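The sequence lines fix the lettering, A, B, ..., with proteins before strands; numbering per chain opens at 1. Keep in mind it's a predicted model, so treat the numbers as computed, not measured.
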There are 2 protein chains.
Amino acid sequence: MEPAPALRADARHNRARILEAAREAFATRGLDVPMAAIARRAGVGVATLYRRFPSRETLITEVFGDELAACASVVDEALADPDPWRGFCSAIEKVCAMQVADLGFTEAFLTAFPDAIDYERTRVRAERGFAEVVRRAKAAGRLRADFDLADLTLLLKANCGVAAGAREAAEAGSRRLVAYLLQSFRAEHAAPLPPAPPLTLALLHERR
Amino acid sequence: MEPAPALRADARHNRARILEAAREAFATRGLDVPMAAIARRAGVGVATLYRRFPSRETLITEVFGDELAACASVVDEALADPDPWRGFCSAIEKVCAMQVADLGFTEAFLTAFPDAIDYERTRVRAERGFAEVVRRAKAAGRLRADFDLADLTLLLKANCGVAAGAREAAEAGSRRLVAYLLQSFRAEHAAPLPPAPPLTLALLHERR
DNA sequence: ACGTAAATGGACGGCCCTCTCCGGTTAGCC
DNA sequence: GGCTAACCGGAGAGGGCCGTCCATTTACGT
């Protein structure tokens, strides 16, 4: 697909340094960190950064490609678990932990990049997989029948709010929130009926 | 406490217009809206705005003073309810609805203003009241015993994450999230034990 | 060793935001 | 009606970030 322009050795080296710097910067200060800060951290000029990654989105897409893939593999692990409910729980716990660990990841998750094809493809794969995890957990009678796929979105956004706080509080808070919610998702506790779920996965990225 | 400088009529009028404009702007576009936009909306110059409210925080404090008071009265209503559990639930539902309805309110809630004395006082009052609501609900055997006051913080932050999305999705999502969590808070469902709650109320405002 | 194309980084113009200064205007009192 | 202090609004200085341009440096094939 790519003609692979064959970067020169120094350029390749700098590209790696930029990605590393961006990863650190995004994780600690969020997606809004100035491009100049990333460049400085990478020990390159701004021009170099812009030449390699024409837009901020390009950079973000590249940086979080791996982490999104990690997300997808978390779902795969869940599917591999012989216990459907345990798989469901651990998938959610792991993704939420990832969100808390990396401030930028959370934002990247919530910000749409319609142009990033790979990105989108991986996400769709993860969603498909998760749908299967949900199906299995329901079939096993452990997950409440009215659990909606959009509830994952809901949980992620909620967790995102918790993740925004101070590191330590965010970690503990997220774990507790997830524990509470997983409890509500259990089939046994489904007695009272919550309102309808008009949250679609696509709506995850909407701004106001 | 205030010597009340006795504003001239036109100044008083403009002050009110500014507050109204700021209220609208904060609600729809969040706390980061440019001062110039507020001034324009109010039909005054920027200088007038700055003369009346020397800092953005002053303005925010004034604007959300009422809403915070509304929060406190929600707690009072909850205390007035003869059914402790119903009071507990409705207090949470109402505050969360307020968060969703006003984008700025959410941010204001999460941003500390150590200088705003009244602000702080009202908040402490609301917290005291809510602690009593919790005590009553536990005493009635409806609220799980290990519910921690910090769980309110947790819920508010989670709801805040949901509230950040598109209006319609945010409303429905928040309702559903609250329903899920309230279910987990019921004493009957307390079977599995969630992790410890090291989230203090004070930590609500921490940045990273 | 050398020539060339690739790569570099800092300086710069443009844009948006905050906050202040100041000449003109107006309310309120006599 | 007229005076004065309070009030007004726009212009502009200051600062931050974005994204580009270009003179200089550097890798790498021969």
Exercise. 5' to 3' on DNA chain C, which nucleotides open and close the contacts with chain B (atom under 4.0 Å from a heavy atom)?
Worked result: C:dC17 to C:dG28
Mind listing the side-chain donor-acceptor pairs of residues 70-80 of chain A below 3.5 Å, one per line with the distance, residues two or more places apart or on another chain?
unit_1 : atom_1 : unit_2 : atom_2 : d
A:S73  : OG     : A:A70  : O      : 2.8
A:D76  : OD2    : A:R125 : NH1    : 3.2
A:E77  : OE1    : A:K94  : NZ     : 2.5

Problem set entry | Residues which pass side-chain contact (heavy atoms from CB on, under 4.5 Å) with A:D10, listed by chain and number, not counting sequence neighbours | A:R8
For this session: State which residues pass ring-ring contact (aromatic ring centres under 6.0 Å, His included) with B:F185; sequence neighbours excluded, sorted by chain then number.
Result: A:Y180, B:F147
For this session: Could you tell me which residues satisfy side chain to side chain donor-acceptor pair (under 3.5 Å) with B:D83, sequence neighbours excluded, listed by chain and number?
Result: none
Exercise. Quick one: salt bridge (Lys or Arg N to Asp or Glu O under 4.0 Å) partners of B:R135, sequence neighbours excluded?
Worked result: B:E132
Problem set entry | A:E62 and its salt bridge (Lys or Arg N to Asp or Glu O under 4.0 Å) partner, picked from A:R15, A:R23, A:R56, A:R52 | A:R15
Seminar exercise, completed: Rounded to whole Å, the CZ-P distance (B:R40 to D:dG10) equals 11 Å
For this session: Would you mind building the protein contact string for nucleotides 20-26 of chain D? One character per nucleotide, 5' to 3', B for base within reach (heavy atoms under 4.0 Å), S for sugar-phosphate only, - for untouched.
Result: BB----B
Taking only distance into account, with no hydrogens and no angle test, what donor-acceptor pairs under 3.5 Å do side-chain atoms of residues 30-50 of chain B form with protein atoms, sequence neighbours excluded?
unit_1 : atom_1 : unit_2 : atom_2 : d
B:R41  : NH1    : B:E24  : OE1    : 2.8

Exercise. At under 4.0 Å between heavy atoms, what does A:R52 touch on the DNA or RNA strands: base, sugar-phosphate, or nothing?
Worked result: sugar-phosphate
Exercise. If each of A:R12 and B:D32 is mapped to the nucleotide of DNA chain C with the nearest heavy atom, which maps nearer the 5' terminus, i.e. the 5' end?
Worked result: A:R12
Exercise. With A:E67, which residues qualify under salt bridge (Lys or Arg N to Asp or Glu O under 4.0 Å), at least two apart?
Worked result: none
